[in-house]
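Data block below; observations after.
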Amino acid sequence: MTAKILKRPFFERDSHVVAKELVGKYLVRKLGRDGKILKLSGIIVETEAYGYIDDQASHAFIGLTKRNSVMFGRGGFIYVYFTYGNHYCFNISAHASAVNAGAILIRAIEPVNGVEQMKEFRSENELLNLASGPGKLTQAFCINAKHNGCDVTNHNSDIYFQENQNQSNAVICTKRIGIRKDTDRYWRFLLANKEGDNIYINKYVSKKKENQDYKIC
DNA sequence: CACCCGATTATCT
DNA sequence: GATAATCGGGTGT
């Protein structure tokens, strides 16, 4: 029996709730390659939530524009944007109501299936460096501007999310990183393992130095 | 290993 | 014309 795909209702909740719950789930990328369908997959180990009018760091803060329009549509659609002249960032729209807006930035993934293909896409052999950052994971999973606006909630999607039967037992949160405004809210979520009183953060997260100030959530 | 800085372009004002 | 939800290479310790 295959794991369940995350459907529309999962994404139509407050973005910080969705961001927290996406941690530990699988991302699956179906790819046509040499006449066959190749599946790349991995466990989401780091996300960030972005909101609407109360969140100055969010692309939606300025109101509806051509670029951010997916953040204003229904939950469960892909928002990809190009930044710093080099990198794509992969987001999924999420908010609780039709008059809201928001998205989740997928920041890091622990590679599981299709590792050799990811290494080729990245020109990089080190497993820890394949998808441990938002720009790295789009390259490893071959996600780009053509995916903007795609629905992830059915099996025909090239990109979708799956439940994880063996989900880890802890998620921690930190302040969001790489932003200039609204830097104080704890809307960055990391996968961790709790063993007794000890917390171990997943080693595939990005920017390990910025993980010091965290809370258990 | 930590810090610093340049690259490079779509998007919005 | 300014900005940016980043990355990787270079330098110095």
Side-chain angles (χ1 to χ4, degrees), chain A residues 11 14-20 22-23 27 42 44-73 75 77-95 100-109 111 118-149 152 159 172-191 201 203-214:
Chain A
F11 299 101
D14 286 340
S15 63
H16 64 277
V17 175
V18 179
K20 178 188 164 185
L22 271 179
V23 171
L27 176 73
I44 297 169
V45 300
E46 177 178 348
T47 63
E48 275 179 358
Y50 288 89
Y52 185 23
I53 44 180
D54 65 336
D55 181 5
Q56 283 197 74
S58 174
H59 288 178
F61 178 76
I62 58 172
L64 177 66
T65 67
K66 189 174 178 183
R67 178 174 72 159
N68 68 18
S69 64
V70 175
M71 293 180 77
F72 289 79
F77 287 80
I78 293 169
Y79 169 41
V80 174
Y81 66 89
F82 187 64
T83 193
Y84 291 103
N86 283 298
H87 310 287
Y88 293 103
C89 287
F90 170 56
N91 302 254
I92 187 77
S93 63
H95 49 87
N100 213 318
I104 319 305
L105 172 65
I106 310 299
R107 289 194 54 90
I109 289 175
M118 294 184 203
K119 288 180 175 176
E120 187 185 321
F121 284 147
R122 289 270 301 129
S123 304
E124 165 71 58
N125 280 316
E126 173 54 56
L127 201 56
L128 277 173
N129 211 12
L130 282 184
S132 53
K136 297 178 194 176
L137 78 87
T138 53
Q139 192 177 24
F141 282 77
C142 191
I143 295 171
N144 52 58
K146 78 178 184 198
H147 297 106
N148 191 59
V152 300
I159 299 170
I172 66 169
C173 59
T174 79
K175 293 179 179 180
R176 295 179 293 183
I177 63 177
I179 54 175
R180 310 292 299 272
K181 302 169 188 165
D182 230 312
T183 52
D184 286 337
R185 66 177 94 202
Y186 286 76
W187 272 14
R188 174 171 173 251
F189 302 91
L190 306 175
L191 185 64
I201 298 176
K203 63 183 179 179
Y204 293 93
V205 303
S206 72
K207 303 276 180 67
K208 295 183 177 48
K209 191 193 156 200
E210 315 223 15
N211 300 335
Q212 310 302 324
D213 173 26
Y214 67 81

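Note that the structure is a prediction, hence the values are computed from the model and not measured. Residue numbers start from 1 in every chain, and the chains themselves are labelled A, B, ... in the order their sequence lines are given, proteins ahead of strands. The basis for the numbers below is simple: all heavy atoms, side chains too, and nothing from hydrogens, waters or symmetry mates.
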What one should report as the nearest heavy-atom pair of M118(A) and P111(A) is SD-CB, 3.8 Å

Check for me whether the distance between the ring centres of F141(A) and F121(A) falls short of 6.0 Å. no

Could you spell out the base pairing of DNA chain B in dot-bracket, with Watson-Crick or G-U pairs whose two distances are under 3.5 Å, [ ] crossing and | to another strand? |||||||.||||.

Closest heavy-atom contact between A49(A) and R176(A)? O-NH1, 3.0 Å

With no hydrogens and no angle check, is any side-chain donor or acceptor of T138(A) less than 3.5 Å from a backbone partner on Y88(A)? yes

Non-hydrogen side-chain atoms of Y214(A) and L190(A) separated by less than 4.5 Å: no

Would you mind reading off the distance between Y88(A) atom OH and dA10(B) atom P, rounded to a whole angstrom? 9 Å

What does nucleotides 4-11 of chain C look like as a protein-contact string, B for base, S for sugar-phosphate only, - for none, at under 4.0 angstrom between heavy atoms? BBBSS---

Indicate yes or no: at least one non-hydrogen side-chain atom of I92(A) is less than 4.5 angstrom from one of Y79(A). no

Nearest 0.5 Å, please: how far is OG in S58(A) from CG in N68(A)? 8.0 Å

Please name the pair of heavy atoms, one in S206(A) and one in I177(A), separated by the smallest distance, quoted to 0.1 Å. OG-CD1, 4.2 Å

